[in-house]
Amino acid sequence: MIPNSCQSQWPDPQTAQQLAEALLAYYDRQGRSLPWRGEGDLYRIWVSEIMLQQTGVKTVIPYYGRFLERFPSVSALASADLADVLHLWQGLGYYRRARNLHAAALLIRHEQGGQLPQRLEQWQALPGIGPSTAAAILAIGCNQPHAILDGNVKRVLSRYIALREPVESGAGKKILWQMARRLTPSQRPGDYAQAIMDLGATLCTRTKPDCPRCPWQSGCRACQLGEQAQFPVKKGRKKAKPHQFQIATLIQDKEGRLLVCLRPETGLLAGLWEPPGQQLDPTTKPPSLDQVSKQLKAWGISGEKSEFAGVINHTFTHFHLTVYTYRVAYQGGCLTGYKAQEYGWLTEDEIQQLPRSTLHKKIMALGWESGPG
DNA sequence: GAGACGTGGCA
DNA sequence: TTGCCAAGTCT
């Protein structure tokens, strides 16, 4: 039988069962061994699923261990300061996930008496948990027969039926969700969810899929056509990332402490700490020391000396950033002309305790070397 | 539907 | 070097 994406009734129950059994046999034989596998604690599954959103297994593993050591239960997480949660998340990216995880722990303590939900709608009502994560948590954590549809599953299924529809389109997602639901077995749905993600992560990879080892090879349309690379179909090219430019100032007082500011609670790198900075006109060239002292004056700071410390280039999801960094010896004044939620003069050790992004760690690493004066 | 939201790895 | 992406969600 040749599957066809136009036949939305595919697969029939018998075909679905055969595919699930083949996949489970593959999983039993060569599924990956991962820290959250075989885990009975729903909280731990939850944490793993949040960390794994848009993030590779290899990156997540060390964070997962450190996070659970520090916050071993939903109660421990709910009792924690958000800043400490963000500190364990620093470098992992998408910091909104950490804020949502913490917020959800508080909601669970307040509204469920600390008991984790057992129903899909309850999980999906929590911040940071959408349809796929909710399904994954209950499938893996409670062996409930919910279908997941993440990047791996989209790739595997779109290849299996040679789906011409872009996978991120409404029509494409509808077909894939339906297919994912039909394939999800009533027996061992949790293992099945992990098995299909393993398949996508290790055999049915974006480039160079290892079809000969695939338990679904015989029925895979893309493989039959020799067009594995054509799927999943994506929409048109994305726009080029814009390029932004900034100044960052590492202002050091006579005790060697650095002036650091708290970013707003919303938006990019929310709630993380950074040195004072300023957006630059994209057309300007690297600022002169004269421009830097003018900027400091505008903030209300007088600097004794300043010197160029280096350039940091960093790429975010949606733009490139170049940061011209300067070291400044603080002479006097207060940061009255600068918009910051909060700021302070802190030692290197104290700053280590604050949550910072990878970008701002790179910038601040330029500040503890031979300062001016 | 499209864009915001991080980072490191890889072709 | 540049682009794409890896267990998505929210606005």
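Just so it is clear: chains get the letters A, B, ... in the order the sequence lines come, proteins before strands, and each one is counted from 1.
Under the 3.5 Å distance criterion, the side-chain polar atoms of A:D198 are matched with a main-chain donor or acceptor of A:R32. Side-chain N or O atoms of A:R155 include one that pairs as donor or acceptor with a backbone N or O of A:G200 at under 3.5 Å. When atom types are taken as modelled, the side chain of A:Q252 and the backbone of A:L259 share no donor-acceptor pair closer than 3.5 angstrom. A donor-acceptor pair under 3.5 Å is formed between the side chain of A:T205 and the backbone N or O of A:T207. A donor-acceptor contact shorter than 3.5 Å is absent between the side chain of A:R263 and the backbone of A:E274.
Using C1' as the reference atom, B:dG1 and C:dA6 are 23 Å apart when rounded to the nearest Å. Taking the P atom of each, B:dC5 and C:dT1 are spaced 26 Å apart, rounded to whole Å. Taking atom P on both C:dT2 and B:dG6, the two are 23 Å apart, rounded to the nearest angstrom. Rounded to a whole angstrom, the distance from the P atom of C:dT9 to that of B:dG8 is 23 Å.
A:Q53 and A:E49 share no side-chain donor-acceptor pair at under 3.5 Å. For the residue pair A:K362/A:H314, the side-chain donor-acceptor check at 3.5 Å is satisfied. For the residue pair A:R213 / A:T202, no side-chain donor-acceptor distance below 3.5 Å is found, with atom types taken as modelled.
Between the CH2 atom of A:W123 and the P atom of C:dT9 there is a distance of 13 Å, rounded to whole Å. For the pair A:Y94 OH and C:dA6 P, the computed distance is 12 Å after rounding to whole Å. Rounded to an integer number of Å, the gap from CG of A:L92 to P of C:dA6 is 17 Å. We find that CZ of A:R97 is positioned 14 Å from C1' of C:dC10, with the value rounded to whole Å. Distance A:Y95 OH to C:dC10 C1': 19 Å, rounded to the nearest Å.
Follow the hydrophobic side-chain contacts under 4.5 Å out from A:W216 and you never reach A:L225; the two are in separate clusters.
Within 4.0 Å of A:G200, counting heavy atoms only, lies no atom of the nucleic acid at all. At a threshold of 4.0 angstrom between heavy atoms, the contacts of A:G93 include nucleobase atoms, whether or not backbone atoms are also involved. Contact annotation for A:K239: backbone-only contact, meaning every heavy-atom pair under 4.0 Å involves sugar-phosphate atoms and none involves a base. Note on A:T315: a base of the nucleic acid sits closer than 4.0 angstrom, heavy atoms only. Contacts of A:K235 with the nucleic acid, taken as non-hydrogen atoms under 4.0 Å apart, involve only primed sugar atoms and P, OP1 or OP2.
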Between the protein and nucleotides 2-4 of chain C, list every N/O to N/O distance that falls short of 3.5 Å.
none

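Each of A:K362 and A:T207 lies near DNA chain B, and the nucleotide nearest A:K362 is the one positioned closer to the 5' end. Of the residues near DNA chain B, A:H318 and A:E168, the one whose nearest nucleotide (by heavy atom distance) lies more toward the 5' end is A:E168. Checking A:Q124 against A:T317, the closest nucleotide of DNA chain C that is more toward the 5' end is the one next to A:T317.
For C:dA6, the OP1/OP2 oxygens have a side-chain nitrogen or oxygen of A:R155 closer than 4.0 Å. At the phosphate of C:dT9, neither OP1 nor OP2 sits under 4.0 Å from any side-chain N or O atom of A:S132.
Looking at residues 49-73 of chain A, you'll see A:Q54, A:T55 sit with a heavy atom under 4.0 Å from some atom of DNA chain B. A heavy atom closer than 4.0 Å to some atom of DNA chain B occurs in A:G267, A:L268, A:L269, these being the qualifying members of residues 259-271 of chain A. Interface residues of residues 21-41 of chain A facing DNA chain B, ordered by number: none; criterion, heavy-atom separation under 4.0 Å.
Residues satisfying the ring-ring contact (aromatic ring centres under 6.0 Å, His included) test with A:Y43, not counting sequence neighbours, are none. For A:R181, there are no side chain to side chain donor-acceptor pair (under 3.5 Å) partners, not counting sequence neighbours. For the ring-ring contact (aromatic ring centres under 6.0 Å, His included) test, residues two or more places apart in sequence or in another chain that qualify with A:Y326 are A:F308. Among residues two or more places apart in sequence or in another chain, the ring-ring contact (aromatic ring centres under 6.0 Å, His included) test is passed with A:W273 by none.
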Could you pull out every donor-acceptor pair under 3.5 Å between side chains of residues 143-150 of chain A and any protein atom, sequence neighbours left out?
from: A:N143; atom 1: OD1; to: A:G190; atom 2: N; distance (Å): 3.1
from: A:Q144; atom 1: OE1; to: A:H146; atom 2: NE2; distance (Å): 2.9
from: A:Q144; atom 1: NE2; to: A:Q118; atom 2: O; distance (Å): 3.0
from: A:D150; atom 1: OD1; to: A:N152; atom 2: N; distance (Å): 3.2
from: A:D150; atom 1: OD1; to: A:V153; atom 2: N; distance (Å): 2.9

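A salt bridge links A:D84 and A:R70; the closest N-O separation between the charged side-chain nitrogens and carboxylate oxygens is under 4.0 Å. Using a cut-off of 4.0 Å between Lys/Arg side-chain N and Asp/Glu carboxylate O, A:E348 and A:R257 are scored as not salt-bridged.
Contact footprint of chain A on DNA chain B: nucleotides with an atom under 4.0 Å from a non-hydrogen protein atom, first to last in 5' to 3' order, B:dG1 to B:dG8.
When hydrophobic residues (I, L, V, M, F, W, Y) are linked wherever their side-chain heavy atoms come within less than 4.5 Å, the members clustered with A:F231 are A:V233.
Sequence neighbours left out, the pairs with a member in residues 55-69 of chain A that pass side-chain hydrogen bond (donor to acceptor under 3.5 Å, both in side chains) are A:T55-A:R97.
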